[in-house]
Amino acid sequence: MPTRAFTRFILLFVLTVAPALLRAQFQDPTPEELKMTEDPKAPGAAAVYLNFEQTTDDPLHYRSVYARIKILSEKARDLATVELPYVRGNTEITDIKARTIHSDGAVIPLVGKPEDLLTTKSGDRQVDRKVFNLPSVEVGSILEYRYQVRYDDHQFSAPSWEIQHPYFVHQARYVFTPFREFAPGAQVAGRNHLFDDHGNLIKNLIWFERLPPGNGVKTEVPGRFILSLTDIPPVPQEQWMPPRDSFLYSVNFYYESAMSSTEFWVSKAKLWSKEVDHFAEPTKPISDAVAGLVQPGDSDLDKAKKIYQAVEALDNTDFSRKKGEAEIKQLGLRTAKRAEDTWAEKSGSRQDITLLYIAMARAAGLTAYDMKVRNRDRGNFEPSYLFFGQLDDDIVILAINGKEIVLDPGEKMCPFQAVHWKHSGASGIRQSADGRATAISPYQAYTANTLARMGELSLAADGSVSGSFRFIMSGQQALVWRQAALENDPEEVKKRFDRWLQSIVPAGVQAHVDHFLALDDPEANLIAVVQADGALGTVTAKRVLLPGFFFETRGNQPFVDQEKRIEPVDMHYADQVTDQITIDLPAGLSVEGAPQSAKVPWASRALLATNSVVNPNQVIIARQLTRGFTIVKPEEYRDLRDFYQKVAATDQQQLVLTASPSGKGN
């Protein structure tokens with residue numbers, strides 16, 4: 001299948017070169033490949049790649065891809081549909097050839113033209129895709145295809161090789177022929193014809209590789225970079241994996257004006273910091289605005305909070321609606337070039353608002369720095385990956401009373417002194433009193449993210465229940481629903497909350513949110529008032545059996561069934577979930593057995609605590625799961641799984657009720 005991301009295209013000014021294209025050839029399958037019904041190197045796989053090849057030739061302005069895939073089960077028949085994305089105007093896909101080979105050796109070639117479909121269009125940029133279907137695909141077939149991507153004489157490609165695919169790869173080969181002055185061993189003087197998009201003279205070809213042990217990019221005398229691999233594992237599919245860009249095997253090439261990664265990031269960080277300071281300069285309009293927000297007697301923390309609340313109240317166009325150029329012109333607005341523009345328009349992007357906060361904090365005499373991070377939901381910052389665009393959002397580092405606190409003013413509805421989880425434990429570059437440096441933002445404590453589910457249910461003799469709950473949320477849970485409310489009407493938010501409720505309440509019970517409290521106040525706990533009713537218990541001749549822990553009956557604990565782990569576990573943020581449910585019993589029933597009070601620890605990492613209190617005509621069951629960790633290494637997985645297996649076993653306990661001898665209850 002095609003690689004999962006486009007090759008990065010860099011516009012460079014070049015001399016003319018002779019246009020030519022090389023063409024790959026199909027190859028005959030071996031008898032063993034035709035007869036293959038399963039693959040011992042990939043047990044249970046629905047398909048395997050027999051071969052995958054990618055060749056990029058910059059002097060000739062093309063990239064070619066060749067693939068052979070063996071279909072081993074019905075689950076992989078969707079591989080017969082091949083989609084090839086491309087940017088219209090910059091590139092074109094040509095020379096598509098494909099065929100299907102049945103297990104008896106019969107060959108069915110592709111006929112007809114591929115479809116050309118629109119994928120996305122934004123301004124002048126249009127992404128299309130070529131789509132074709134290999135003919136007569138069945139289990140046992142070998143799919144074989146090749147195609148070329150051409151780009152014009154004024155574009156050069158620094159390829160990105162994404163080595164892993166959804167299925168096991170037996171043999172893979174990657175070839176890159178760079179512009180001749182950057183070929184291995186080149187002795188060509190006068191590199192005066194190649195410039196980057198900032199007008200800087202290109203001096204070097206650099207590459208970053210993340211590959212299996214014992215493998216690496218090699219060079220050949222004809223001026224090519226070569227990578228050959230065998231037995232490449234498929235892309236892992238595991239619960240709670242970090243973003244795949246953090247660990248998948250890949251190689252990235254760069255034509256660069258810098259001679260090393262250190263020189264690249266020093267130069268980029270210096271330029272970035274200069275632009276931040278220019279945008280966030282505390283000009284007179286900013287100083288005047290701050291004077292109207294803070295009082296001379298305010299502490300530094302009070303000043304910081306008042307300014308935070310003021311910028312959070314602005315229209316954040318990343319959460320509302322970005323205005324187009326025509327609308328901006330019609331309304332007489334200005335595109336923000338300085339922080340004062342954002343304040344004047346009372347509107348801006350998340351980055352504009354973050355830099356506005358820095359400007360206002362500095363105007364108030366506070367020490368505020370910008371930090372630009374790689375969002376954790378996208379991957380880790382890789383200094384060896386020479387691409388500034390890998391960094392995503394800006395957050396604020398505020399130094400007060402000798403301590404640094406992290407703020408997220410560009411994240412709408414995020415409380416003061418909190419950040420969205422994707423900005424916690426996130427790496428990137430930051431400003432400081434000593435200049436610019438790489439850094440990692442702090443992870444969140446479990447106390448910052450809490451969910452308490454408090455409720456009272458009335459039980460009838462037939463096992464049905466009715467009652468209400470209060471979901472009390474802080475931190476990330478609250479942020480999710482508050483941001484959903486920014487983009488949806490109240491009824492849609494309720495519908496989404498109801499769908500979430502149905503995924504956690506016992507089968508047979510219906511739960512609906514009645515209303516929210518403090519949905520528009522990020523500094524308060526968010527409360528959802530929930531009504532519930534339905535059939536909860538199993539009634540026998542003498543007993544009523546109920547789940548011991550109301551919200552754990554669906555067995556949603558992770559990792560229980562996964563014996564081994566390849567990649568780290570990333571659970572986004574630490575948190576604490578507390579349940580306390582009171583069940584009012586009907587006359588004639590008493591408690592025979594209730595969940596035991598227990599503590600299940602994972603030393604210094606997590607703790608499950610349960611408790612049951614039996615009163616006359618009533619039982620109160622409490623459960624609290626505290627998870628103090630965010631990231632777990634693969635070598636720690638056995639302990640993690642052991643903990644969650646114990647949690648799952650504890651959660652299976654029941655509340656057993658029996659008819660009282662007197663028939664009048666306790």
Side-chain angles (χ1 to χ4, degrees), residues 238-240 446-447 449-457 459 463 465 467 469 471-473 477 500-509 511 532 536-538 540 543-565 569 571-583 585 590-615 618-630 632 636-658:
E238 298 178 319
Q239 288 180 303
W240 295 101
Y446 71 84
T447 52
N449 304 300
T450 63
L451 169 62
R453 300 177 290 206
M454 308 296 182
E456 184 169 1
L457 296 172
L459 177 69
V465 294
F469 294 91
F471 282 50
I472 306 169
M473 295 165 273
Q477 283 275 11
W500 176 57
L501 287 172
Q502 288 308 129
S503 72
I504 60 175
V505 299
V509 174
L536 178 63
T538 300
T540 68
R543 291 180 174 85
V544 177
L545 307 178
L546 305 174
F549 300 101
F550 186 83
F551 291 108
E552 307 304 326
T553 61
R554 292 185 180 268
N556 292 327
Q557 295 304 335
F559 315 118
V560 172
D561 299 324
Q562 183 184 345
E563 183 178 355
K564 297 181 180 180
R565 186 82 185 187
V569 171
M571 300 197 75
H572 299 172
Y573 53 88
D575 69 354
Q576 184 177 75
V577 179
T578 302
D579 296 333
Q580 182 169 308
I581 300 175
T582 299
I583 301 177
L585 307 179
S590 61
V591 177
E592 178 182 322
Q596 296 181 354
S597 298
K599 288 188 177 180
V600 178
W602 180 19
S604 303
R605 308 295 292 274
L607 175 67
L608 172 69
T610 63
N611 186 48
S612 298
V613 177
V614 178
N615 296 319
Q618 187 184 75
V619 60
I620 303 172
I621 301 175
R623 178 187 185 275
Q624 184 175 81
L625 180 59
T626 301
R627 181 172 51 79
F629 66 87
T630 301
V632 176
E636 301 173 303
Y637 179 71
R638 179 180 296 180
D639 293 336
L640 171 71
R641 181 172 182 248
D642 179 68
F643 171 73
Y644 275 103
Q645 284 180 319
K646 292 176 181 177
V647 170
T650 301
D651 288 342
Q652 291 174 6
Q653 297 179 82
Q654 289 186 316
L655 174 62
V656 181
L657 308 175
T658 187

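Along the sequence shown, the residues carry numbers beginning at 1.
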Residues that T447 engages under side-chain hydrogen bond (donor to acceptor under 3.5 Å, both in side chains), provided they are two or more places apart
none
Atom pairs and distances, donor-acceptor, side-chain atoms in residues 500-507, under 3.5 Å, two or more places apart:
{"unit_1": "Q502", "atom_1": "OE1", "unit_2": "A511", "atom_2": "N", "d": "2.8"}
{"unit_1": "Q502", "atom_1": "NE2", "unit_2": "V509", "atom_2": "O", "d": "3.3"}
{"unit_1": "S503", "atom_1": "OG", "unit_2": "W500", "atom_2": "O", "d": "2.6"}

Applying salt bridge (charged side-chain N to carboxylate O under 4.0 Å, His left out), can you list everything that pairs with R605, at least two apart in sequence or on another chain?
E636
pair L536-F550: side-chain heavy atoms closer than 4.5 Å
yes
Rounded to the nearest 0.5 Å, what separation is found between the CG atom of L608 and the OH atom of Y644?
10.0 Å
Nearest heavy-atom pair of Y637 and Q562: which atoms, and what distance?
OH-O, 2.6 Å
Using side-chain hydrogen bond (donor to acceptor under 3.5 Å, both in side chains) as the criterion, list what pairs up with T450, not counting sequence neighbours.
S474
List for me each residue that meets side-chain contact (heavy atoms from CB on, under 4.5 Å) alongside Q653, sequence neighbours excluded, and say none if there are none.
F549, P595, Q596, T650
Considering only heavy atoms from C-beta outward, does the side chain of I581 approach that of L457 to under 4.5 Å?
yes
Mind checking what makes side-chain hydrogen bond (donor to acceptor under 3.5 Å, both in side chains) contact with Q580, not counting sequence neighbours?
none
Heavy-atom pair of closest approach, residues I621 and G548
CD1-O, 3.3 Å
Among all residues two or more places apart in sequence or in another chain, which pass the salt bridge (charged side-chain N to carboxylate O under 4.0 Å, His left out) test with E456?
none
Among L585, L655, T538, L657, exactly one meets side-chain contact (heavy atoms from CB on, under 4.5 Å) together with V544. Which residue is that?
L657
With T658, which residues qualify under side-chain hydrogen bond (donor to acceptor under 3.5 Å, both in side chains), at least two apart?
none
Nearest 0.5 Å please: distance from the CD atom of Q645 over to the CG atom of L640.
10.0 Å
All side-chain contact (heavy atoms from CB on, under 4.5 Å) counterparts of P601, not counting sequence neighbours
L607
Where is the tightest heavy-atom contact between S597 and S612, given as atom of each residue plus distance?
OG-N, 3.4 Å
Checking F629 now: which residues fulfil ring-ring contact (aromatic ring centres under 6.0 Å, His included) with it, not counting sequence neighbours?
W602
Given 3.5 Å as the limit, does a donor-acceptor pair link the side chain of Q239 with the main chain of F559, or not?
yes
Counting C-beta onward and ignoring hydrogens, is there a side-chain heavy-atom pair between R627 and Y446 closer than 4.5 Å?
no
From F643 CZ over to Q557 CD, what is the distance, rounded to the nearest 0.5 angstrom?
8.0 Å
With sequence neighbours left out, write down each residue that passes side-chain contact (heavy atoms from CB on, under 4.5 Å) with V656, or none if nothing qualifies.
R543, L545, E592, Q654
Measuring only between side-chain heavy atoms, which start at C-beta, is H572 closer than 4.5 Å to W240?
yes
Can you list every salt bridge (charged side-chain N to carboxylate O under 4.0 Å, His left out) pair that touches residues 637-646, not counting sequence neighbours?
D642-K646
Sole candidate of T610, D579, T578, D651 that passes side chain to side chain donor-acceptor pair (under 3.5 Å) when paired with R623
D651
Checking side-chain contact (heavy atoms from CB on, under 4.5 Å) between V619 and each of L459, I583, T582, which is the one that passes?
I583
